[in-house]
Protein chains: 2
Amino acid sequence: MEKGRNFTTDFHCHTDYKTLLHKFKLILKQSGLKFTKQRELIVAELFDADKHLTSEELYQILKSNYPEIKIGIATVYRTLSLLESESFVTTLLSEKDAKKYELSLKEHHDHIICQGCGKIVEFVSQEIEELQNSIANSLGFKVQNHSMQIFGICEDCQKI
Amino acid sequence: MEKGRNFTTDFHCHTDYKTLLHKFKLILKQSGLKFTKQRELIVAELFDADKHLTSEELYQILKSNYPEIKIGIATVYRTLSLLESESFVTTLLSEKDAKKYELSLKEHHDHIICQGCGKIVEFVSQEIEELQNSIANSLGFKVQNHSMQIFGICEDCQKI
DNA sequence: CTTATTGCAAACGTTTTGCACGTTT
DNA sequence: AAACGTGCAAAACGTTTGCAATAAG
């Protein structure tokens, strides 16, 4: 953690593509599901993506990167739902647009979103995490998950 | 704040209906907008509601409580958008359903949502608020707003 | 009398579904 | 061969919009 900061924006990606694919195949096998070309490419593109993707964005990327294979948007939706239910991807709800997905490769983190340009910065604060857990416990809840977004204007957009 | 807790679930509602309505009329007048029966009833029902409402729920309540007046769902959507842009209501995005609205009568607060029964408990932690602001500032963001939801299983649902 | 607001229905963007065909196991 | 997955098109869902009629200021 950087000096003087009570949070970090520095995440470690624990997983390489080979390990990820193996984990994915394992999940499929355990549920009696099949490993298809379409599912493979969806995971591959999520791995390569450097940002959160909507189903539509992912679909367009797949069509343009792999013109030789057939893919329908329904398959993208179905696969993302599957991945979400397996906690293989993390979902970000947005005010205006569609759901956005990213692989759950990184450590858990929260998001700060610029309302000007849509830029997303990820961060995690151990202090906040602990407070959230302590609050939920006091209220008798067993925590499954949480999401926190800060909405604001980033440095660049403030200059405009 | 209760002893031994680093948060509170005890909010004060600063505003009675008369004051609320006056504030609403003022907003309308300042924007050159008109005070209509439909807008009045929407605000009245939001005031009476003891939970977050979707546009559809609010529409159904209005039709059943006031069968004598005409109301269309488009008006409910338009009015909620107006109220949202004036920060008169607070919006809660949900994973599955539509947007949910509540009047911004209470102090700012966050939500913990039971995935079993949908129950929503509101809370606020001054410590978390301060940490959020300090993180955003360090990242160069000017904070406009933030939302935090914890998802879990409430005490009752854990027994089932 | 002017302007904003309404209800309606049609349009919209996102997501889901039914189905016949294809692929994986 | 059996079971699951696929693309396609249609449907579903929440939400927005164009419009002619209506109500507020």
Side-chain angles (χ1 to χ4, degrees), chain A residues 21 24-45 52-64 66-86 88-89 91-101 118, chain B residues 21 24-43 45 52-64 66-86 88-89 91-101:
Chain A
L21 202 61
F24 181 43
K25 287 182 178 176
L26 216 64
I27 288 174
L28 292 173
K29 181 162 287 179
Q30 283 167 353
S31 313
L33 303 176
K34 288 166 181 174
F35 181 69
T36 64
K37 197 70 196 162
Q38 286 85 346
R39 286 179 175 163
E40 178 178 2
L41 294 180
I42 287 168
V43 169
E45 281 309 317
H52 300 71
L53 295 177
T54 63
S55 302
E56 182 64 31
E57 286 167 342
L58 186 47
Y59 172 59
Q60 294 301 337
I61 290 171
L62 290 166
K63 277 205 306 187
S64 100
Y66 309 95
E68 72 280 8
I69 70 132
K70 281 209 147 232
I71 182 117
I73 189 127
T75 297
V76 178
Y77 276 101
R78 283 185 283 229
T79 303
L80 286 171
S81 294
L82 167 64
L83 293 173
E84 187 179 28
S85 72
E86 299 290 344
F88 211 82
V89 296
T91 305
L92 202 53
L93 297 172
S94 93
E95 287 278 328
K96 294 270 151 200
D97 311 314
K99 283 187 182 181
K100 297 185 171 196
Y101 299 88
Chain B
L21 201 62
F24 182 44
K25 286 182 178 176
L26 216 65
I27 287 174
L28 291 174
K29 181 162 285 179
Q30 283 169 352
S31 313
L33 304 175
K34 289 169 181 174
F35 180 70
T36 64
K37 197 71 195 165
Q38 286 83 348
R39 285 178 175 164
E40 179 178 359
L41 294 180
I42 286 168
V43 169
E45 283 307 318
H52 300 71
L53 296 177
T54 63
S55 302
E56 182 65 32
E57 286 168 341
L58 186 47
Y59 173 60
Q60 294 300 338
I61 290 171
L62 290 166
K63 278 205 305 186
S64 101
Y66 310 95
E68 72 280 11
I69 70 131
K70 281 208 144 228
I71 183 116
I73 189 128
T75 298
V76 177
Y77 276 101
R78 284 186 282 230
T79 303
L80 285 171
S81 293
L82 167 65
L83 293 172
E84 187 177 29
S85 72
E86 297 290 345
F88 211 83
V89 295
T91 304
L92 201 54
L93 297 173
S94 90
E95 287 278 327
K96 293 270 149 201
D97 311 314
K99 282 188 183 180
K100 297 186 169 195
Y101 299 90

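Just so it is clear: chains get the letters A, B, ... in the order the sequence lines come, proteins before strands, and each one is counted from 1.
When rounded to the nearest whole Å, the span between CG of L28(A) and P of dA3(D) equals 19 Å. I73(A) has its CD1 atom 13 Å from the P atom of dG13(C), to the nearest Å. To the nearest angstrom, C1' of dT14(C) lies 13 Å from CG of L93(A). In this structure, K29(B) atom NZ and dA24(D) atom C1' are separated by 12 Å, rounded to whole Å. Rounding to whole angstrom units, CG of residue L41(A) and P of dT6(D) are separated by 11 Å. For L80(A) and dG5(D), the CG to C1' distance is 15 Å, given to the nearest whole Å. Here dT5(C) presents its C1' atom at 13 Å from CD1 of I69(B), a figure rounded to the nearest Å. Distance, L33(A) CG to dA2(D) C1': 15 Å, rounded to whole Å.
In this structure a side-chain-to-backbone donor-acceptor pair under 3.5 Å is missing from E45(B) to Y59(B). Here the side chain of S85(B) pairs a donor or acceptor atom with the backbone of L82(B) at under 3.5 angstrom. In this structure, R39(A) contributes its side chain and K34(A) its backbone to a donor-acceptor pair below 3.5 Å.
For R78(A), no side-chain nitrogen or oxygen approaches OP1 or OP2 of dT16(C) to under 4.0 Å. The phosphate of dT15(D) has OP1 or OP2 within less than 4.0 Å of a side-chain N or O from Y77(B). Between dA23(D) and Q38(B), no contact under 4.0 Å exists linking OP1 or OP2 to a side-chain N or O.
Side-chain proximity of S81(B) to the nucleotides dG7(C), dT16(D), dT15(C) is greatest for dT16(D).
Mapping T36(B) and A74(B) onto DNA chain D via the closest heavy atom, the residue that lands nearer the 5' end is A74(B). Residue-to-nucleotide proximity on DNA chain D shows that, of K70(A) and F35(B), the 5′-proximal contact is made by K70(A). Between V76(B) and E56(A), the residue anchored closer to the 5' end of DNA chain C is V76(B), taking for each the nucleotide with the nearest heavy atom.
Checked by distance alone, K37(A) brings no side-chain donor or acceptor within 3.5 Å of a matching partner on the base of dT23(C). Within 3.5 Å, a donor on the side chain of K34(A) pairs with an acceptor on the base of dA3(D), or the reverse.
Aromatic ring pairs are classed by plane angle as parallel below 30°, tilted from 30° to 60° and perpendicular above 60°; the pair F88(A) and F24(A) is tilted.
Side chains of E84(B) and T91(B): a donor on one and an acceptor on the other come within 3.5 Å.
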